[in-house]
Amino acid sequence: MKLPHKDCVFVNEAAFLWLWGCSLHKRLVLLGVILCASAVGLCAIVRAEQSPNATSKYLDQATQGINTLQGWYNSNTGLYHTTGWWNSANAITVLADYSRAAGTSQYASTFAITFKAAQTRNSGFINNYYDDEGWWALAWIDAYDLTHTPQYLSMAQSIFTNMANGWDTTTCGGGIWWSKDKTYKNAVANELFLSVAAHLANRTVGTEKAGYAQWAHREWNWFLASGMINPHNLVNDGLDSSDPTACKNNNGTTWTYNQGIVLGGLAEFSQLEKDPSLLANAQQIATAAITHLTDASGILHDPCEPNCGADGPQFKGIFARNLMTLYQDAPNLTYKAFLNQNANRICNNDQGSGGTFGLIWSGPFDSADAARQSSALDAIVAAATVNAKN
């Protein structure tokens with residue numbers, strides 16, 4: 001039975017009955033002693049167990065999960081076994097976000113190793129796909145914010161220069177291509193282009209800053225008019241360009257990561273522009289995703305589940321990470337509750353042995369790899385971060 005002071009409880013029911021069986025005088029004396037001691041915080045009886053601090057709880061889970069993730073890290077290549085090149089960029093990103101949330105610099109050497117070892121042959125972090133490049137640009141910006149290593153920001157700038165070469169106005173009036181084969185204009189590449197441009201504008205000065213800001217404006221104005229955001233405020237996969245002068249939404253899958261990348265991009269762009277409409281657009285997309293892409297318990301899913309191949313397992317974490325970014329600029333209790341609920345379900349229903357996490361966040365655990373692991377960690381680190389904010 002609990003005393004009026006929230007930190008004090010009787011040891012057990014028998015102790016309470018013993019006190020109640022004493023004389024009235026003894027009861028009053030003992031009760032007075034208890035209340036006085038309680039008032040000054042020196043309660044002599046058992047202290048009630050407090051609810052664990054939410055941030056600490058999530059960081060504890062994240063620490064175990066990060067240790068497991070690093071078991072897949074290959075210091076010879078700077079990449080992660082069991083997953084692909086672009087996925088490894090996302091693993092590096094969650095490592096940076098975890099380091100920030102936990103206040104640790106222990107993975108600085110990992111960033112340095114990857115920066116040197118994971119570059120493609122004499123080409124930096126450039127390949128045939130502009131979206132792959134965008135993931136690495138954001139990873140190095142995140143690592144730069146954490147470590148203040150100038151080379152990381154310079155690398156992100158060089159990647160962006162290559163991405164900008166993909167801009168084309170002949171087909172669909174603008175936007176960058178998905179790949180250098182120039183066969184498809186889609187959401188992921190253009191959302192990443194927006195996000196990298198806005199991030200670089202906020203980390204440079206003078207003519208460089210103005211140039212990145214101009215690209216962010218150009219990209220967002222085109223993207224908003226492209227039709228890829230459907231009437232439900234969800235982002236479809238890309239554009240049908242069978243008529244290059246009249247492109248239209250291809251009604252492709254509304255993948256969770258396409259709802260996420262744009263949130264982080266718009267949040268970063270809003271810091272540059274101080275334009276409330278940018279956050280309003282982001283909030284519309286975030287709310288639509290939480291409404292339409294979750295189950296009855298509020299747990300996020302991609303339509304490919306339970307068979308999402310090599311790429312799909314990465315997607316949901318990208319949404320959680322970018323929702324965290326939006327929350328930091330536009331706190332919303334719905335976003336916080338969503339992140340908490342998903343992090344809790346991952347830890348309780350989707351955890352295998354050795355701190356591994358699976359594909360389906362609502363459970364059951366299926367299998368482990370670095371994509372599944374880093375994606376789930378995105379959600380757990382996001383929960384730790386938003387709980388620390390308030």
Side-chain angles (χ1 to χ4, degrees), residues 54-73 80-84 86-102 107 135 139 142 255-257 259-261 264 289-290 293-295 297-302 304-325 327 335-387:
T55 298
S56 296
K57 178 183 73 172
Y58 294 128
L59 281 178
D60 287 346
Q61 288 282 350
T63 299
Q64 182 181 11
I66 287 288
N67 289 337
T68 301
L69 176 66
Q70 292 309 103
W72 283 298
Y73 185 69
Y80 288 79
H81 290 301
T82 71
T83 196
W86 78 271
N87 308 82
S88 290
N90 279 274
I92 289 294
T93 299
V94 77
L95 197 63
D97 289 347
Y98 165 78
S99 297
R100 187 176 296 108
Y107 295 109
W135 293 121
D142 207 2
W255 300 110
T256 56
Y257 77 153
Q259 319 314 311
I261 305 164
I290 291 171
L293 304 182
T294 57
D295 61 25
S297 298
I299 308 304
L300 191 64
H301 294 274
D302 269 300
C304 58
E305 296 176 7
N307 300 304
C308 289
D311 290 340
Q314 200 75 56
F315 292 171
K316 296 194 297 291
I318 293 164
F319 177 80
R321 180 203 312 156
N322 284 279
L323 185 66
M324 170 190 75
T325 299
Y327 180 90
Y335 305 161
K336 182 177 181 179
F338 168 85
L339 290 170
N340 287 344
Q341 176 73 348
N342 279 267
N344 290 339
R345 190 63 68 88
I346 290 167
C347 295
N348 294 332
N349 293 64
D350 190 33
Q351 187 164 180
S353 61
T356 55
F357 302 112
L359 167 66
I360 304 171
W361 290 357
S362 58
F365 174 83
D366 59 344
S367 62
D369 57 45
R372 285 165 165 79
Q373 190 76 7
S374 56
S375 181
L377 282 167
D378 269 322
I380 298 168
V381 171
T385 301
V386 300
N387 281 282

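Please read all numbers here as calculations on a predicted model, not as lab measurements. Starting from 1, each residue takes its place in the sequence as its number. Worth knowing before you read on, the calculation uses all heavy atoms, side chains too, and leaves out hydrogens, waters and symmetry mates.
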Keeping [X] on the side-chain end and [Y] on the backbone end, is there a donor-acceptor pair under 3.5 Å?
| X | Y | answer |
| --- | --- | --- |
| T68 | G354 | yes |
| Q351 | C347 | yes |
| K316 | L359 | yes |
| Q373 | A368 | no |
| T256 | D302 | no |
| Q259 | F319 | no |

Could you report the tightest heavy-atom contact between [X] and [Y], atom names first, then the distance?
| X | Y | answer |
| --- | --- | --- |
| A101 | V381 | CB-CG1, 4.4 Å |
| A370 | T82 | N-OG1, 2.9 Å |
| G264 | T325 | CA-CG2, 4.2 Å |
| I299 | S362 | CG2-N, 3.7 Å |
| A139 | A89 | CB-O, 3.6 Å |
| A320 | A379 | CB-CA, 3.8 Å |

- Indicate whether the side chain of T63 and that of Y98 have a donor and an acceptor atom separated by less than 3.5 Å.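 Side-chain D/A pair, T63 to Y98: present.
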- Item | Side-chain donor-acceptor pair present, N387, T55, cut-off under 3.5 Å |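 No, no side-chain donor-acceptor contact under 3.5 Å.
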- Item | Of T356, D366, D350, the residue whose pairing with R372 passes side-chain hydrogen bond (donor to acceptor under 3.5 Å, both in side chains) |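 Going through the options one by one, the only one that passes is D366.
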From [atom1] ([X]) to [atom2] ([Y]), nearest 0.5 Å:
| X | Y | atom1 | atom2 | value |
| --- | --- | --- | --- | --- |
| K336 | N340 | NZ | CG | 6.5 Å |
| L300 | L339 | CG | CG | 10.0 Å |
| T385 | M324 | OG1 | CE | 5.0 Å |
| I346 | S375 | CD1 | OG | 7.0 Å |
| L293 | H301 | CG | NE2 | 10.5 Å |
| F357 | Q64 | CZ | CD | 6.5 Å |

So, do [X] and [Y] sit near enough that their side-chain heavy atoms are less than 4.5 Å apart?
| X | Y | value |
| --- | --- | --- |
| N344 | Y58 | yes |
| N90 | R321 | yes |
| L95 | Q70 | yes |
| I92 | Y80 | yes |
| F365 | S353 | no |

- Is D97 salt-bridged to R100, going by a charged N under 4.0 Å from an acidic O?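 Judged by the 4.0 Å cut-off on N to carboxylate O distance, D97 and R100 do form a salt bridge.
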- Query: Step by step, would you call Y327 with F338 a ring pair (Phe, Tyr, Trp, His ring centres under 6.0 Å)?
  - Reply: CA-CA 11 Å; Y327 180 90; F338 168 85; over 10 Å; no
- Task: For the residue pair Y257 and W135, categorise the inter-ring angle as parallel (less than 30°), tilted (30 to 60°) or perpendicular (more than 60°).
- Result: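 Parallel: the ring planes of Y257 and W135 meet at under 30°.
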- For N349, all residues meeting side-chain contact (heavy atoms from CB on, under 4.5 Å), sequence neighbours excluded: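 Scan of N349 (side-chain contact (heavy atoms from CB on, under 4.5 Å), adjacent residues dropped) gives R345.
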- Just jot down the side-chain contact (heavy atoms from CB on, under 4.5 Å) partners of A371, sequence neighbours excluded, or say none.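 T83, N87, P313, Q314, D369.
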